[in-house]
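Chain A is the first sequence line, chain B the second, and so forth, proteins listed ahead of strands; every chain is numbered from 1.
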Amino acid sequence: MDVSVLQQYAPMLLRGFGITIFCWLFGTVLGIVLGLIIALIQRYSPKPVRWLLQVYIEVIRGTPFLVQLFVLYYGGPLIGLRLDALPAGLLGLTIYGSPYFAEIFRSAFRAVPEGQIEAARAIGMTEATIIQRILLPLGLVSALPALVNFSIILTKETVILSIITVPELMYQVQRMSTETFRYVEANLVLALFFWALVEAISRVGRKLETRITKHLIERT
Amino acid sequence: MFSIQTFLDSFEPLLWAARYTLLVSGLGIALGLVIGALICAAGLSRWPAARRFAAIWVSFLRGVPLLVQLLLMYYLLPVIGINVPAIAAAVITVGICASAYISEIWRGAIGALPRGQAEAAVAIGMGPRDVWGRIILPQAVVMSLPALVNELILLVKASSLVSVVGILEVTRASQAQAAMTFRPLEVYIAAACIYLAINLCLAGLGRYLEHRMAV
Amino acid sequence: MVQASSVEIRKLDKFYGPFQALKGIDLTIPPGKVTCLIGPSGSGKSTLLRCMNFLEEYDAGEVRIDGQMIGYDSPGGSRMPARKLRDMRRSIGMVFQQFNLWPHMTALQNVAEGLVRVRGFSKDQAAARAAEALEKVGLSDKVANHPARLSGGQQQRVAIARAIAMEPRLMLFDEPTSALDPELVGEVLNVMKTLAAEGMTMVVVTHEMGFAAHVADQVAIMEAGELVAVDAPTRILHSPEDARIKAFLKTYHERNAF
């Protein structure tokens with residue numbers, strides 16, 4: 001591809017990349033928080049509530065992210081939820097990730113030996129303290145690999161936001177390619193870029209994983 | 001507010017389009033199984049070049065978003081002189097993408113077999129063809145079935161992306177229907193229901209297989 | 001009477017990276033006799049056994065079955081052709097600690113599989129021979145069961161049937177009773193005794209001192225990759241001279257009196 005073309009589009013592409021990273025971080029963090037809340041509620045609430053949350057989990061996991069975005073972005077206004085593309089995308093990403101994160105936390109909590117929690121109860125800890133001091137630290141350690149893994153999957157899902165016109169990297173690249181007619185080159189570069197990004201994030205993720213795991217094990 | 005009538009009316013055209021959702025994901029997984037087997041074999045081969053190729057194949061396809069792969073393939077094929085209908089490009093892309101995940105599923109299943117299984121066969125003098133064909137693969141394939149069903153569920157959802165290259169599957173059909181009726185909420189929820197129904201059936205199948213294996 | 005092989009092992013070395021698992025082993029396994037390999041875990045006795053059918057590739061020295069070297073063309077030579085190795089292995093039966101039955105096949109299929117694939121039997125011939133072998137280990141009523149539906153002792157007997165159906169001239173047993181519950185050990189040892197009485201050459205890695213004392217013709221004691229002693233069981237087990245053997249047997253007696 002012509003270097004001058006790249007130069008001309010550089011600011012746009014950079015902005016798109018920034019929005020991609022922003023969406024990814026925002027979606028991952030809020031998705032993890034929402035997922036954690038769901039998992040905790042599921043652990044400590046009566047059957048009907050648990051059942052309702054399970055329906056939510058199955059519905060979100062059983063439908064394509066793109067269709068969820070359409071419901072939110074195009075269908076939302078009909079029930080008074082009028083969102084711009086970017087907020088709709090962020091909300092969509094958060095909702096989309098939450099059930100996967102919830103399931104990760106749920107199985108991580110299950111992996112915490114019952115005896116450890118009973119031991120805490122036996123010395124008179126409150127449930128809140130148990131969650132904070134026993135369940136979360138131990139659960140996080142075993143959840144970490146899966147959390148990192150799903151966060152990486154979310155990186156790739158951000159490109160779908162371009163379909164509802166969130167001006168992230170994919171969107172900018174498509175705009176550039178239609179204006180310059182360089183469809184193949186633009187998408188090839190985009191592919192290579194994502195490949196490098198995902199590989200880099202995986203590597204950082206693995207490092208982070210070993211460090212946090214070590215830290216938590218030493219502390220607990 | 002939410003109109004039940006519009007919601008129900010949406011199902012007819014969407015169910016019609018569901019054929020293409022099933023076609024793309026069904027052919028996609030079939031192609032993925034074939035290519036995935038080859039990549040898995042390459043990954044386990046004794047030639048370093050083949051192993052390297054398999055590793056790059058898997059890493060690239062798992063690192064690049066399917067939507068990007070789809071557009072790349074869609075634009076690339078005509079440039080390199082292959083003129084196929086969009087649906088073929090879509091199936092090929094979905095299949096190639098799935099092959100990366102499927103080869104990893106199989107590699108995992110083969111790796112999970114105890115070493116003694118092959119050793120017992122080698123010890124009575126079986127050759128590699130029988131060791132693989134009679135002992136390792138039959139067990140690995142059965143073990144991998146639940147994971148493969150899960151992969152199929154992912155493909156059914158991923159097939160919604162082929163709407164961007166103009167294939168009239170459920171998502172594309174719902175866009176058209178929404179534009180026609182001006183009732184996107186009902187139409188898209190109907191589309192979601194169709195995906196959910198397909199995937200719940202598949203998930204049931206997966207649970208059944210897992211249960212049967214556990215016995 | 002079965003045809004029985006002899007095994008000659010000369011100056012056998014085996015390395016795992018820098019770790020030497022076998023150090024210049026010399027051992028003769030006479031035909032038609034039972035040889036028990038005993039020693040603490042990690043002493044190299046399983047490794048030595050696995051060199052005898054080349055499941056473990058040795059680095060120096062030689063292992064000869066009836067005078068024919070296994071694994072290599074000649075001492076220090078190149079690997080023997082895979083087909084030749086397979087031909088040699090089909091007359092060497094092996095029984096593993098973990099049974100290694102194939103879970104996707106019934107007991108009968110487990111036994112018949114090798115006959116069809118390796119010996120070229122027809123399906124019917126193989127089934128008939130497999131049924132015979134299973135009868136011999138006392139499992140005629142379990143032919144249609146999958147391994148998951150058999151007890152550990154029954155699984156190990158199927159594994160023995162799988163090996164003897166191939167009409168081996170040498171049988172290798174790698175701790176055949178170590179994975180079994182104590183009450184199931186007897187049935188497996190009984191089958192092995194029957195085989196021994198028929199004049200099969202048997203090499204048995206075991207912790208069952210009673211079996212070694214009563215059934216073995218010779219006992220070889222290993223420690224840290226070396227052969228410490230080879231002799232008749234009465235002499236070795238009841239009046240050991242070497243201090244290392246004494247020490248090993250002492251700790252052994254303390255743990256399981258027999």
Side-chain angles (χ1 to χ4, degrees), chain B residues 33 36-37 40-42 44-48 50-51 102 105-149 205-215, chain C residues 46 49-50 52-57 70 81-105 109-120 146-149 155-156 158-168 170-174 179:
Chain B
L33 288 170
C40 180
L44 296 171
S45 112
R46 82 183 105 149
W47 296 298
R51 290 202 301 270
I102 291 172
I105 289 172
W106 275 339
R107 221 163 60 124
I110 290 168
L113 275 187
R115 224 170 78 119
Q117 285 292 310
E119 271 185 355
V122 168
I124 58 169
M126 272 196 204
R129 190 147 48 106
D130 287 331
V131 174
W132 282 92
R134 302 286 306 173
I135 308 299
I136 298 178
L137 291 182
Q139 294 187 61
V141 166
V142 170
M143 247 198 315
S144 67
L145 283 178
L148 290 177
V149 170
L205 174 68
R207 268 195 299 275
Y208 167 75
L209 289 172
E210 214 158 337
H211 176 74
R212 262 199 51 176
M213 267 169 47
V215 174
Chain C
S46 283
L49 186 82
R50 288 162 60 89
M52 294 184 205
N53 64 353
F54 208 63
L55 270 188
E56 210 69 70
E57 301 177 13
I70 190 165
R83 175 169 296 278
K84 185 101 190 290
L85 180 60
R86 291 205 292 275
D87 282 347
M88 290 190 74
R89 277 175 174 158
R90 67 160 80 160
S91 56
I92 307 172
M94 183 156 190
V95 175
F96 301 84
Q97 181 178 357
Q98 299 296 339
F99 330 135
N100 293 343
L101 290 185
W102 300 311
H104 57 308
M105 300 179 185
Q109 287 166 337
N110 261 282
V111 181
E113 185 67 15
L115 295 169
V116 174
R117 300 282 149 183
V118 180
R119 296 286 300 272
H146 279 84
R149 304 226 171 233
Q155 288 191 53
Q156 192 59 301
V158 173
I160 293 174
R162 176 170 70 180
I164 60 176
M166 302 289 290
E167 299 181 307
L170 165 67
M171 284 282 287
L172 308 176
F173 293 86
D174 190 0

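- Neither the backbone nor the side chain of Met88(C) comes within less than 4.5 Å of any heavy atom of chain B.
- The shortest distance between side-chain heavy atoms of Ile135(B) and Met105(C) falls below 4.5 Å.
- Environment of CZ in Arg107(B): sparse, with no more than 12 heavy atoms of neighbouring residues, nucleotides or ligands closer than 6.0 Å.
- Neither the backbone nor the side chain of Ala118(B) comes within contact range of chain C; no heavy atom of the residue lies under 4.5 Å from a heavy atom of that chain.
- For chain B, the nearby part of Leu101(C) is the backbone; its heavy atoms alone come within less than 4.5 Å.
- In this structure, chain B has a heavy atom under 4.5 Å from the backbone of Ile92(C), while its side chain stays farther away.
- Taking the ring centre of Trp102(C) as origin, the terminal cationic atom of Arg134(B) falls outside the region bounded by 6.0 Å and 45° from the ring axis.
- Residues Val142(B) and Gln139(B) are not in side-chain contact: their nearest non-hydrogen atoms beyond the backbone lie 4.5 Å or more apart.
- For Arg119(C), no part sits under 4.5 Å from any heavy atom of chain B, backbone or side chain.
- Residue Arg115(B) touches chain C through its side chain alone, counting heavy-atom pairs closer than 4.5 Å.
- At least one side-chain heavy atom of Asp174(C) sits under 4.5 Å from a side-chain heavy atom of Met94(C).
- When each of Ala163(C), Pro103(C), Ser91(C), Ala159(C) is checked for heavy-atom pairs under 4.5 Å with chain B, Pro103(C) comes out on top.
- Atoms CG and NE2, from Asn110(C) and His146(C) in turn, are 8.5 Å apart once rounded to the nearest 0.5 Å.
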